[in-house]
Amino acid sequence: MVSEMNREFWLLDLNSDEKEGKPQVWLWGITPEGKRIVITENYRPYFYILPKASQNPANLKARLEKERPLPSIVELSIENKKLLSQERTVIRVVASSSENLAKLATKIVKFLGAEAFFEADLRPATKYQNDFQVHPCQWYGMEVETEPATVQARIVGETLQARNRPAHVLHERLPDLRAIGFTMLAVSQVGSPSPERDPIRVLAWNGSDGRGGTLRSDERSDENILRKFSEVVQAEDPDFIFSFGGNSAHWPYLLKRAEKTRVSLTIGRDAGPPRQSLFGHFSVTGRANVDLLDFAGDLYDVKEKTLGAVTRYLGVRDLRETVVEETDNYDYWSDPHKRDVLTKMVGQEAETILTLGTDALDYVVQLSALSNLPPDHVLAGAAGFRVDSHMMMEAHRLGQLIPPRNEVPAIPYRGAIVLQPEPGLHDNVAVVDFSSMYPSLMVKYNISPDTLTEEKGDEVYTVPEVGTSFRKTPPGLYAQILSDLIQNRKMIKAEIARSTKGTSRYRILKAREKAAKIITNATYGYAGWAGSRWYSKQVAESAAAMGRDTINKSIGLARQSGLKVFYGDTDSLFVNYDKDRVDRFIAAIDQELGLEINLSQVYKRILFTEARKKYAVLKENGELDLVGMEAIRGDWSSLAKEVQNKVLQFVLEDKTPDRALSYVRQLSHELASQKRPLSSFVIWKTLTKRPEQYDVHAPHVEAAKKIVKLGWPVSSGDRVGYVIVMARGKLYERAEPYFKTSIDNIDIAYYLQNQVLPVAARALSIFGITEENILEAKGRVEG
DNA sequence: AACTGTGGCTTGTGTC
DNA sequence: GACACAAGCCACAGTT
């Protein structure tokens with residue numbers, strides 16, 4: 001018996017499938033009562049054929065209908081679409097299957113002698129989302145009917161069939177989501193564990209209901225772990241599965257072990273295993289598999305992408321006391337007492353992963369809803385793909401044909417202006433910057449590939465320096481999308497101002513605002529990205545040129561307002577803080593340029609070096625803020641960073657170099673005698689390719705090669721920690737992996753000469769002090 | 001996603 | 001063979 005009803009649900013994920021030869025889209029949802037459902041909908045894939053300007057679309061359609069050259073065409077219709085600024089009539093071709101759409105489209109173009117095809121490269125689920133403006137992680141309501149029980153019905157609460165299209169329902173809140181966090185460990189005597197050889201020893205999980213467990217295998221086989229883990233997932237039935245490194249490490253390892261032991265990993269709501277998907281990501285049917293390592297990638301301030309560093313940064317938990325170095329795992333496992341310590345550590349990691357995942361959830365959900373990428377994909381996808389997905393949704397709404405992604409060679413163009421700073425100490429400095437400068441300029445001057453024109457005169461904006469022109473009307477594609485984004489963000493900001501800090505609504509709005517900011521800013525970059533569907537060098541170049549023009553004019557206006565300009569970068573100016581003059585300046589920008597500029601900071605004191613993008617500020621509350629300095633870079637030893645931090649603090653507080661100098665002198669003395677931990681000397685650098693692919697002998701590359709020799713594979717993207725030891729030879733010959741050496745081998749003289757003195761001198765150079773006379777001063781003072 | 005900018009280090013070349 | 005210098009490689013940070 002079939003019964004009809006209306007179902008409201010929160011959309012967790014979408015996928016497409018073919019059932020009995022019928023292409024379908026599946027919507028995985030959660031109802032307000034917490035029921036997990038899947039709604040299947042017959043959805044036939046389609047694409048567009050663009051006739052040549054000389055061809056009559058109706059005739060072409062008739063030809064296809066009469067001659068029936070390809071049996072997989074099931075429906076044809078005529079539609080009016082936009083191809084950038086052109087109004088074009090296209091033939092919409094519905095196919096019987098979503099397989100080989102591009103091949104079919106190619107054949108039709110050839111058969112008709114048409115100009116091109118469009119949208120045969122898009123996944124059916126994406127097309128469905130675009131067609132009906134369906135965003136993941138949002139509430140929908142739709143008419144459904146029950147479907148005869150299938151395999152899924154045992155796993156999901158209800159299997160339903162769609163009777164109409166999903167209609168958006170406006171709810172702020174999230175459903176009651178279930179999540180688990182998990183991690184695992186395998187050990188190997190030599191080098192890193194291999195799934196071919198080394199079984200999983202420990203697998204720990206934690207669920208959002210407080211349940212959790214640690215599975216351990218002390219015997220040869222890990223069969224029990226694999227089986228139990230599948231059972232756990234099915235019993236807990238999580239909507240989100242969190243891991244840290246799951247996509248790169250855990251899932252591939254689990255799959256290989258499952259293959260070896262012939263255990264089937266039943267993880268998905270279809271009782272299937274995780275499957276390799278886009279962006280190096282593993283998909284779990286009906287669940288969102290989220291790798292928090294990707295979330296760490298979005299945390300700009302965290303340089304070390306480890307679970308410990310991320311949780312420390314977010315204040316979630318401090319794991320430092322429990323960390324066992326990867327190289328020590330085997331020793332710990334081999335010792336019965338230490339084995340328990342190791343097991344406990346894995347358990348704690350699982351707990352932390354769940355906590356971190358729960359923390360990240362608001363952001364994942366909002367970014368997913370805005371970008372239109374499902375929650376399990378959105379973090380894995382690079383910035384360009386998030387914008388790509390957002391642009392497609394919006395362009396479709398505006399009636400545009402979606403062009404294919406092209407891989408043309410990128411053409412570089414001139415970017416922003418960075419002013420030469422005035423070196424020295426300055427008191428009471430204000431920072432003013434334009435809000436969303438490039439997006440605002442793209443909207444204001446209608447900078448877009450569809451408004452680009454050869455015409456000149458009153459109807460167009462002509463960009464200085466580059467001379468490119470854009471029609472003033474109608475609004476271009478980028479202008480429309482960006483003004484929507486800017487408007488949207490303004491509204492969210494206003495909502496935030498009205499809501500109470502600490503509430504879940506406040507957190508949701510904050511996350512939504514962050515998502516809008518990310519997409520808005522990356523859209524300018526997307527225009528200049530060679531892989532973009534709407535790539536246009538002229539657009540990116542013109543936005544940058546308008547930016548330069550704007551900042552140059554602003555410098556003039558600042559001076560007219562009686563302000564002194566100390567520094568500026570792209571869209572910001574650092575001026576002396578005189579409230580009346582700054583207010584006058586802000587008003588002048590509004591009046592003269594029609595743009596919004598804001599006072600964003602007032603600093604008590606600031607130190608500019610002679611270099612751009614490197615300065616230190618003392619805030620009104622006494623805190624130190626560093627920009628660009630070695631002390632905040634990930635590729636200097638913590639010894640050097642500590643020294644620079646201190647020196648800058650002393651100089652900014654005192655306005656004289658005395659305290660800083662005696663500190664450095666003292667330290668240089670102690671360095672030889674006093675033992676410091678090895679970690680003070682470790683220099684970390686990221687590999688951007690495999691060690692053997694480098695052209696030069698760089699210290700971190702040589703250290704990486706030594707690590708490989710020890711049996712630990714090192715690949716592109718890995719960070720290498722090395723120290724410089726006392727030995728003969730070139731510097732790169734003296735770079736050792738830090739875990740293979742001891743404090744007694746450290747070349748203290750190198751660290752003093754090449755780490756401590758340069759960073760100290762950088763901060764002290766404004767007093768005429770150089771690397772050499774930091775030590776000379778020592779003689780003078782003591783003598 | 002884009003470009004701008006800094007600076008260490010290696011490597012090649014020229015000079016004594 | 002030691003040294004100086006320039007060019008290029010490389011990683012990282014800052015701005016949108």
Side-chain angles (χ1 to χ4, degrees), chain A residues 300-301 303 371 381-391 405 410-421 431 433-442 478 482 517-537 539-548 550-551 567-573 600 609-615 626-637 640 683-689 693-702 704 716-717 719-720 724 729-735 750 753-755 758-759 761-762:
Chain A
Y300 174 77
D301 288 334
K303 269 134 214 155
S371 73
F385 293 97
R386 295 174 191 172
V387 176
D388 192 52
S389 179
H390 177 259
M391 286 277 295
R405 279 183 12 86
I411 308 163
Y413 58 87
R414 262 188 78 197
I417 291 176
V418 186
L419 304 184
Q420 190 68 52
V431 183
D433 47 28
F434 287 93
S435 36
S436 309
M437 187 200 236
Y438 290 155
S440 301
L441 291 170
M442 287 169 82
Y478 276 105
L482 285 168
K517 182 184 176 180
I518 283 176
I519 300 283
T520 309
N521 285 342
T523 300
Y524 150 75
Y526 178 85
W529 175 40
S532 162
R533 292 176 194 273
W534 288 277
Y535 170 69
S536 170
K537 185 205 149 196
V539 165
E541 173 182 64
S542 298
M546 279 313 311
R548 292 194 295 273
T550 303
I551 203 75
Y567 176 65
D569 185 348
T570 314
D571 74 328
S572 68
L573 291 178
S600 66
T609 65
E610 51 294 298
R612 291 170 243 233
K613 294 182 187 269
K614 279 184 199 288
Y615 55 89
L626 305 186
V627 177
M629 291 283 185
E630 285 80 0
I632 56 157
R633 292 175 63 101
D635 57 349
W636 284 79
S637 64
I683 298 166
W684 291 92
K685 268 191 168 55
T686 311
L687 291 183
T688 54
K689 42 192 162 187
Q693 290 174 315
Y694 280 84
D695 294 330
V696 294
H697 298 276
H700 71 298
V701 177
E702 297 307 303
S716 176
R719 273 163 69 82
V720 179
I724 301 300
K730 305 243 189 208
L731 187 68
Y732 63 80
E733 291 169 316
R734 302 196 286 128
Y750 169 85
Q753 211 43 243
N754 298 59
Q755 292 270 314
V759 301
R762 187 104 51 234

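The sequence lines fix the lettering, A, B, ..., with proteins before strands; numbering per chain opens at 1. As the structure is a computational prediction, the values presented were derived from the model and not from experiment.
- Summary of the strand contacts: A:Ala522 and A:Arg414 both lie near DNA chain B, and taking for each the nucleotide with the nearest heavy atom, the more 5' one is attributed to A:Ala522.
- For the pair A:Glu702 CD and C:dC10 C1', the interatomic distance rounds to 14 Å; values are reported in whole Å.
- Per the geometry, OH belonging to A:Tyr526 stands 18 Å off C1' belonging to C:dT16, to the nearest Å.
- Among the protein residues, A:Tyr732 comes within range of the sugar-phosphate backbone only, with heavy atoms under 4.0 Å from sugar or phosphate atoms but none that close to a base.
- Atom-to-atom, OH of A:Tyr567 to P of C:dG14 comes out at 10 Å; the value is rounded to the nearest Å.
- Between A:Phe385 and A:Trp529, the ring planes lie perpendicular to each other; the angle is over 60°, past the 30° to 60° tilted range.
- The side chain of A:Thr686 contributes no N or O atom lying less than 4.0 Å from OP1 or OP2 of C:dA11.
- Side-chain contact between A:Thr550 and A:Asp571 is absent, with no heavy-atom pair separated by less than 4.5 Å.
- Nucleic acid contact class of A:Ser436 (heavy atoms, under 4.0 Å, all strands): sugar-phosphate only.
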Show the distances under 3.5 angstrom between N or O atoms of the protein and N or O atoms of nucleotides 5-8 of chain B.
from: B:dG7; atom 1: OP1; to: A:Arg762; atom 2: NH1; distance (Å): 3.3

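- Contact of the A:Ile724 side chain with the A:Gln755 side chain is not registered, since no non-hydrogen atoms from C-beta on lie closer than 4.5 Å.
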Atom pairs, N/O to N/O, protein against nucleotides 4-9 of chain C, distance under 3.5 Å?
none

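- Per the geometry, CG belonging to A:Asp569 stands 16 Å off P belonging to B:dC3, to the nearest Å.
- Closest to the side chain of A:Tyr524, from the set C:dA11, C:dT15, B:dA2, is B:dA2.
- Residues A:Ile519 and A:Ser371 have side chains in contact (heavy-atom distance under 4.5 Å, counting atoms from C-beta outward).
- We find that A:Asp569 and A:Arg612 are not joined by a salt bridge, their nearest charged nitrogen and carboxylate oxygen being 4.0 Å or further apart.
- A:Lys689 NZ: more than 12 foreign heavy atoms inside a 6.0 Å radius.
- Checked against C:dT15, B:dT10, B:dT4, the side chain of A:Asp571 finds its nearest nucleotide in C:dT15.
- Using a 4.5 Å heavy-atom cutoff, the side chains of A:Tyr478 and A:Thr523 are in contact.
- The residue A:Ser532 sits apart from the nucleic acid: no heavy atom pair falls under 4.0 Å.
- Listed by chain and residue number, A:Arg533 satisfy the salt bridge (Lys or Arg N to Asp or Glu O under 4.0 Å) test with A:Asp388 (two or more places apart in sequence, or in another chain).
- Contact annotation for A:Val627: backbone-only contact, meaning every heavy-atom pair under 4.0 Å involves sugar-phosphate atoms and none involves a base.
- When rounded to the nearest whole Å, the span between CD of A:Gln693 and P of C:dC10 equals 11 Å.
- Distance A:Asn521 CG to C:dT15 C1': 10 Å, rounded to the nearest Å.
- Rounded to an integer number of Å, the gap from A:Tyr413 OH to C:dT16 P is 14 Å.
- A:Gly415 comes within 4.0 angstrom of the backbone, heavy atoms only, and of no base.
- Neither OP1 nor OP2 of B:dC9 sits under 4.0 Å from any side-chain N or O of A:His697.
- Under the 30°/60° scheme for interplanar angles, the aromatic rings of A:Tyr526 and A:Trp534 are found to be tilted.
- Across all strands, A:Tyr615 comes closer than 4.0 Å only to sugar-phosphate atoms, never to a base (heavy-atom distances).
- Heavy-atom nearest nucleotides on DNA chain B were determined for A:Pro699 and for A:Ala382, and the one closer to the 5' end corresponds to A:Ala382.
- Distance A:Lys685 NZ to C:dC12 C1': 9 Å, rounded to the nearest Å.
- A sub-4.0 Å separation between OP1 or OP2 of C:dT16 and a side-chain N or O of A:Thr520 is absent.
- Side-chain N or O atoms of A:Arg414 include none that pairs as donor or acceptor with a backbone N or O of A:Glu541 at under 3.5 Å.
- Heavy atoms of A:Ala543 sit nowhere under 4.0 angstrom from any nucleic acid atom.
- Between A:Met437 and A:Tyr524, every side-chain heavy-atom pair lies at or beyond the 4.5 Å cut-off.
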